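Predicted model, so just to flag it, every value in this text is computed and none were measured.
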Amino acid sequence: MSRTSSRALRRGAALLAAAALPATMALSAPAMAATPADPDAYWPIPEDQIGLVLFTTRTQMAEDPQGTLNALAQCGFTNAEPSGGAGNFYGLTGAELAPMAEEAGINVRSIGVSLGNLTDDLDLVIAEAEALGAKYVRLSGSGSWDTLADYAEAAATLDPIAEALAAEGITLAYHNHGWEFEVEEDGVTGYETLLNETEHLAMELDVYWAASVGVSAADMFEAYPGRFPLVHVKDMAEDGSFADVGEGVIDFQEMFALRDVAGIEWYFIEHDRPTPDGVTSACNSLANLTADPSADSEGIPLHATVPELGDGEGGALTLSVADFGASVDLGRALNAGDRWRFSGELPTVSVTDSRAAQGTADGWSVTGQTTDFGHTSGELSGSHLGWVPGQLEGKVGVTPGAAVAGELSGGPGLAVPATLASAVGEGRLGSTELGADLVLETPVDVADGVYTSTVTLSLFPVD
């Protein structure tokens, strides 16, 4: 399966953005057989562990909370972390926000509150967390803490509160900025003091703020294993400003490789100054974060094994993606009289579009084409492969392409480009999942053996 990011859409505005299908099925599967030290490993995040810090969409949340949550859900978010203060999340109490999140299909996993809330009204904090179903409460420290003694005092205050919250099934996590790392005495920082002098306090590492003062998230994970159930996934532009996730300079793969060491449970996307707006930025970051970097112009390796005549057991067609080791079995070769027939399904293709609308005709189109099937004794034309496109979930404004028959059934096959789907207007927005039934038909007298081909998908922005 694949998801094509809105970043690819913008980069392809001149003509098209070519995108080969990666297998996002691997996103929910165990990571590859690689070690954290392997620079070429890919460590995808399970999408159900990704959320959004609603601070990113604070302007829209204050104006239209239900509409904002619905828009976030439409582009794929299922988890969130509202922030503000106990009793006031964008002008809403937890009891008021909870049914809105539920209607949008978004789970509140953590809430951000103030230090004053924790020290002066812990019962309200607990009530707000319970109303929203949150199992984490997080706070940010103060830039006025100037010495290690200040941090030691903060640790002495926070740890008993964390213990009291733990008795209610809630984990207290500390969210950093940069100053915690800049207060340093005898080689020990304020941040390390919080870690060293607490037993019950967890950490929500903001990787942007850590990077802003030269601190490696990976180094922190290895130094304090198991202390980081939450992270703020926030990217940095080359000039040090904020960037949508995946469009900056932070090496997220380095830290994701150590997720088990760190004990990460939730990855919250955040952008402090989003443009053009919080929802667009958030959806773009989600698309980038879940896009498969192994996808490239080389396309999908496609393999077909033609059995010897009379061999009723042989023959299978699979689609596989390089570097994942996962494949989709398209079944055994069936003898259909004058031909061998293979059938199965294209891996799910996801298109995510969060571009600002320029007109009602704006949209996108996805096409596919295959190369000829190579074999040691020659080639089999790609025209023998056909498909029947379809949309996996009904969405107004999205139109699957027409069925394309292979050569033996009187069609051109996928030797020439064919449309998988197109979308215009409101239907283009958010994430759309597409699929297709594949049919490969070969003459029965074709030489037996393994044939290989490559199917490439191209995403065209339409305006």
Side-chain angles (χ1 to χ4, degrees), residues 1-9 11-12 16-29 44 47 74-76 283-284 286-302 317-324 326-330 343-355 363-371 382 385-404 413-414 416-424 427-440 453-462:
M1 303 178 187
S2 76
R3 176 174 275 106
T4 304
S5 72
S6 54
R7 172 174 54 172
L9 281 166
R11 289 182 175 175
L16 63 85
L21 276 174
T24 46
M25 66 187 71
L27 289 175
S28 58
E47 292 190 37
Q74 185 180 30
C75 76
C283 292
N284 187 46
L286 178 63
N288 293 341
L289 187 61
T290 55
D292 182 354
S294 71
D296 53 31
S297 59
E298 295 181 0
I300 307 168
L302 187 148
L317 177 65
T318 61
L319 292 178
S320 62
V321 177
D323 300 328
F324 276 89
S327 63
V328 178
D329 186 359
L330 297 187
S343 62
E345 297 178 353
L346 191 74
T348 300
V349 180
S350 297
V351 177
T352 298
D353 189 353
S354 60
R355 297 171 298 166
W364 48 259
S365 177
V366 178
T367 65
Q369 184 177 12
T370 183
T371 62
L385 179 68
W387 67 9
V388 181
Q391 186 181 354
L392 300 187
E393 293 185 2
K395 190 175 181 184
V396 176
V398 179
T399 304
V404 177
L414 296 181
V416 295
T419 299
L420 178 63
S422 59
V424 295
R428 70 176 175 83
L429 296 172
S431 295
T432 304
E433 291 190 341
L434 309 170
D437 293 329
L438 292 175
V439 179
L440 175 67
S453 174
T454 298
V455 175
T456 301
L457 297 182
S458 295
L459 175 62
F460 293 82
V462 177

V398 vs L434, side chain to side chain contact (heavy atoms under 4.5 Å, CB included): CA-CA, chis, key distance, verdict
CA-CA 10 Å; V398 179; L434 309 170; 4.2 Å; yes
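Note that CG of L385 is 11.5 Å distant from CD of Q369, once rounded to the nearest 0.5 Å. In this structure, CG on L438 lies 7.5 Å from CG on L414, to the nearest 0.5 angstrom. Residue L289 holds its CG atom at 8.5 Å from CD of E47, rounded to the nearest 0.5 Å.
In terms of heavy atoms, P400 sits closest to G390 at CB-CA, 3.9 Å. In this structure, L420 and G435 approach most closely via the heavy-atom pair CD1-O, 3.7 Å.
Between T419 and P389 the shortest side-chain heavy-atom distance does not fall below 4.5 Å. At a threshold of 4.5 Å between non-hydrogen side-chain atoms, the residues V404 and V416 do not count as touching.
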